Amino acid sequence: MKNRAVARVFQEIADLLEIKGENPFKIRAYRKAAHTIENLSTDLKTLMEENKLREVPGIGEAIAKKITELLTTGHLGYYEELRREFPEGTLSLMSIPGIGPKTAIRLAKELGISNIDELEKAIINGRVSGLYRLGDKVAANILRHIRMSRHKDMRIPIGEALPVVEQIVALLRDRPGLQHLVPAGSLRRFKETIGDIDIMGTADKPQDVLQAFVELPLVEEILAKGASKASVITTGGIQVDLRMVEPDCFGSLLQYFTGSKEHNIILRERALRQGLSLSEYGITVLETRKTEKFATEEAFYDRLGLQYVPPELREGRHEIELAEKRAIPRLIETSDIKGDLHVHTNWSDGFDSIEAMAEAAMSRGYAYLAVTDHSAGRGIAHGLSEERLKKQITEIRALNPKLRGLRLLCGVEVDIRSDGTLDLPDDILRELDVVIAGVHSAMAQDSEKMTRRLVLALENPYVHILAHPTCRLLGVREPVDVDLEAVLHTAARTGTALEINATPQRLDLNDLHVMRARELGVKLVIGTDAHSAPQLDTIRFGVGVARRGWCGKSDIFNTKPVDEVLTLFKRKARASQRTVA
DNA sequence: ATGGCTATCCATGTTTACCAGCTGGTAAA
């Protein structure tokens, strides 16, 4: 049994205990243990054999015993008994937002509902809204979430797909005779979700590479393996195709399989007008019927009289027009980023200390890092009260002289309450270098209310950045209902920056929003929202979104030196003082 | 259930918002 499977059992025990209404601290102990086990770098079995289970923080006598039982017998009596106490399927009801343990158990016991389909029927028949303390609004809300979960698309978030591809490429890169190995498709274009993963390669002996590919440890199932192509399903359930091709037409093949379809259609139509026919094998001159081959994409675009088009722009918008005029801008790169303006520490719900985050920022070569922990309104995150924030400011100021080359900025991610007011008074916000405002509650508000709420927050003279403006979580939570156009205009008018939140689950703003923001002259920053030091690396996902939104270095504010950033932020408060005067 | 450590004990995560019924339970973040 793998660590992950053990963790899942404990997570489910916690859910069941929650339904049961057990001691909350006991529930938390199981959740904590599950989390620790999931992130453990050593195999539980090894720890068990060395009698070191108890040394893991969060694993005590009872849980160590349960792990041992699981690992030796493959079963856990306690868990199985617990499951028997509740109707089958009660747990699945809790996956619907709006249904917690109390409601789940009532639906199961009072209506005999044991799965989501039955729940849907019961709501439609009006059986749910008849229950005590469950009215029409609750029922309608649950129904809405059920329908939403049905329509969830099955594409994989790029945050999951990219690491898998990188792992595969890293494992195969050193095969003798391998020349190219490049992911194509929507992954290469850095779309936020990916269908299947396509990797293209060239090698002296393609068969060897294909063989090594299907033998990788992360391969769960081999769907097909031929002379030039293999398809597998990874242990994470993602389909990956590897296509080995002839080196002399690698360029046109890579171009073809990178897409997008829309981009390639426009390209073909344009080529036809020039008497050229495009295919994945090259460019055919219609008059002579001769096909030219291209080893690189650059040569391919060049033959068509076009500037090279970065994959992120190949969406059939206006990139080909601009490539004709050689007017495609230089896009932002991760190395252009000079600092991160949104990170958390263990003062709120972050994992690492301020020092550890600063250390990580220095090793990335950053010039600055803004510490922006939550405010008290986010109770569960152990958000900072005014008092604790003051203490943190003192600590950061004391730390700064000790840091070589890095400027730590004092900041906060202040809650925007349901009415648009902020969770901290202006007096303290005024003291800070960086104030990020963000919505973390009451996300179901209607568009009018939500828009008014965000506009009000942006109008605060001390708010510099609006965090994750639409609050979406890919595959988990839909964006809030908001008039984003109005928000963008307010941001432009007040000189407030909008964030491209780089957390792979968020990517918020998205590429289209970023384009629109650029058009309106809205300042943009990329922030990782890192909750641990390694998460500073997720900046590249934000850079990917910015590139898809046609951003150059100058469009993203945290490519500027620290003084310029601070000057801009201070300018907003000064401007509003003038307005008042 | 864990971990600290005077203990067959005690602390451990908190605030906001919404809805059903007009104060308090439930869920989300």
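The figures here come from the full heavy-atom set of this structure, side chains too, leaving out hydrogens, waters and symmetry mates. Remember, it's a predicted structure, so these values are computed and weren't measured experimentally. Naming convention: chains lettered A, B, ... in sequence-line order (proteins, then strands); numbering from 1 in each chain.
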Visitor: Could you label the plane-to-plane angle of the A:H342 and A:H468 rings as parallel, tilted or perpendicular, counting under 30° as parallel and over 60° as perpendicular?
Guide: tilted
Visitor: If the C1' atom of B:dC18 is compared with that of B:dT23, how far apart are they to the nearest Å?
Guide: 13 Å
Visitor: Please give the distance between the C1' atoms of B:dA11 and B:dT16 as a whole number of Å.
Guide: 25 Å
Visitor: Please report the distance, rounded to the nearest Å, between NE2 in A:H374 and P in B:dA28.
Guide: 18 Å
Visitor: I want to check something: taking the side chain as every heavy atom from C-beta on, are A:L82 and A:K20 in contact at a cut-off of under 4.5 Å?
Guide: yes
Visitor: In this structure, how many angstroms lie between the C1' atom of B:dT26 and the CG atom of A:N141, rounded?
Guide: 13 Å
Visitor: Taking the six-membered ring for Trp, are A:H374 and A:H344 parallel (under 30°), tilted (30 to 60°) or perpendicular (over 60°)?
Guide: parallel
Visitor: Could you check whether A:R127 pairs with A:E110 (Lys NZ or Arg NE/NH1/NH2 to Asp/Glu carboxylate O, under 4.0 Å)?
Guide: no
Visitor: Please state how far atom CZ in A:R417 lies from atom P in B:dC18, giving the value in whole angstrom units.
Guide: 13 Å
Visitor: Regarding A:G379, tell me which of base, sugar-phosphate or nothing describes its non-hydrogen contacts under 4.0 Å with the strands shown.
Guide: base
Visitor: Using the C1' atom as the point on both nucleotides, what is the distance between B:dT8 and B:dC19, in whole Å?
Guide: 45 Å
Visitor: Calculate the interatomic distance between A:H145 atom NE2 and B:dA28 atom P; express it in whole Å.
Guide: 8 Å
Visitor: For A:N558 and A:D340, which I'm curious about, is there any donor-acceptor pair between the side chains at under 3.5 Å?
Guide: no
Visitor: Relative to the 5' end of DNA chain B, which residue comes earlier, A:A442 or A:A139, by the nucleotide with the nearest heavy atom?
Guide: A:A442
Visitor: Does any part of the side chain of A:I465, heavy atoms only, come nearer than 4.5 Å to the side chain of A:T372, both counted from C-beta?
Guide: no
Visitor: Just to verify, what does A:S186 make a side-chain hydrogen bond (donor to acceptor under 3.5 Å, both in side chains) with, not counting sequence neighbours?
Guide: none
Visitor: Atom CD of A:Q445 to atom C1' of B:dA29: distance rounded to whole Å?
Guide: 14 Å
Visitor: Give the residues of residues 71-99 of chain A touching DNA chain B, defined as any heavy atom closer than 4.0 Å, sorted by residue number.
Guide: A:P97, A:G98, A:I99
Visitor: Is it true that A:E459 and A:R493 have a side-chain N and a carboxylate O under 4.0 angstrom from each other?
Guide: yes
Visitor: Report which part of the nucleic acid A:D349 touches: base, sugar-phosphate, or nothing (heavy-atom distance under 4.0 Å, all strands).
Guide: nothing
Visitor: Can you tell me, in whole Å, how much space there is between the P of B:dA20 and that of B:dG25?
Guide: 16 Å
Visitor: Please work out if A:K65 contacts a base, only the sugar-phosphate, or nothing of the nucleic acid, heavy-atom cut-off 4.0 Å.
Guide: nothing
Visitor: Does B:dT16 have its OP1 or OP2 closer than 4.0 Å to a side-chain nitrogen or oxygen of A:S418?
Guide: no
Visitor: Do A:M148 and A:H145 come close enough that some side-chain heavy atom pair is under 4.5 Å?
Guide: yes
Visitor: With P as the reference atom in both, quote the distance from B:dG21 to B:dT26 in angstrom, rounded to an integer.
Guide: 12 Å
Visitor: Ignoring backbone atoms, test whether A:T103 places a side-chain nitrogen or oxygen under 4.0 Å from the OP1 or OP2 oxygen of B:dA27.
Guide: yes
Visitor: Between B:dT14, B:dG3, B:dT16, which nucleotide has the shortest distance from any of its atoms to the side chain of A:I380?
Guide: B:dT14
Visitor: Identify whether NZ of Lys or CZ of Arg in A:K66 sits under 6.0 Å from the centre of the six-membered ring of A:Y78 and within 45° of that ring's axis.
Guide: yes
Visitor: For A:R417, is there an ion pair with A:D423 - N to carboxylate O distance below 4.0 angstrom?
Guide: yes
Visitor: Could you give the distance from CD1 (A:I13) to CD (A:E22), rounded to the nearest 0.5 Å?
Guide: 11.5 Å
Visitor: Write down the distance separating the P atoms in B:dG3 and B:dG13, rounded off to the nearest Å.
Guide: 13 Å
Visitor: Quick one, which residues of residues 16-27 of chain A touch DNA chain B with a heavy atom under 4.0 Å?
Guide: A:N23, A:F25, A:K26
Visitor: Answer yes or no: side-chain N or O of A:R133 and base N or O of B:dG21 forming a donor-acceptor pair under 3.5 Å.
Guide: no
Visitor: Using only side-chain N and O atoms of A:K32, determine if any of them is under 4.0 Å from OP1 or OP2 of B:dG13.
Guide: no
Visitor: A:A376 near the nucleic acid: base, sugar-phosphate alone, or nothing, with a heavy-atom cut-off under 4.0 Å?
Guide: sugar-phosphate
Visitor: If you check the A:A62 side chain, which of B:dA27, B:dA1, B:dA20 turns out closest?
Guide: B:dA1
Visitor: Give a yes/no on whether any side-chain N or O of A:R477 is located under 4.0 angstrom from OP1 or OP2 of B:dA29.
Guide: yes
Visitor: Using the side-chain heavy atoms of A:R378, tell me which of these nucleotides is nearest: B:dA29, B:dA1, B:dG21.
Guide: B:dA29
Visitor: Could you give the CZ-to-P distance, from A:R144 to B:dA27, as a whole number of Å?
Guide: 16 Å
Visitor: Atom NE2 of A:H382 and atom C1' of B:dA29: how far apart are they, to the nearest Å?
Guide: 16 Å
Visitor: Is the shortest side-chain N/O distance from A:R28 to OP1 or OP2 of B:dT2 below 4.0 Å?
Guide: no
Visitor: Just how far, in rounded Å, is P of B:dG21 from OH of A:Y132?
Guide: 6 Å
Visitor: Could you check A:L134 against A:I63 and say which one's nearest nucleotide on DNA chain B is further toward the 5' end?
Guide: A:I63
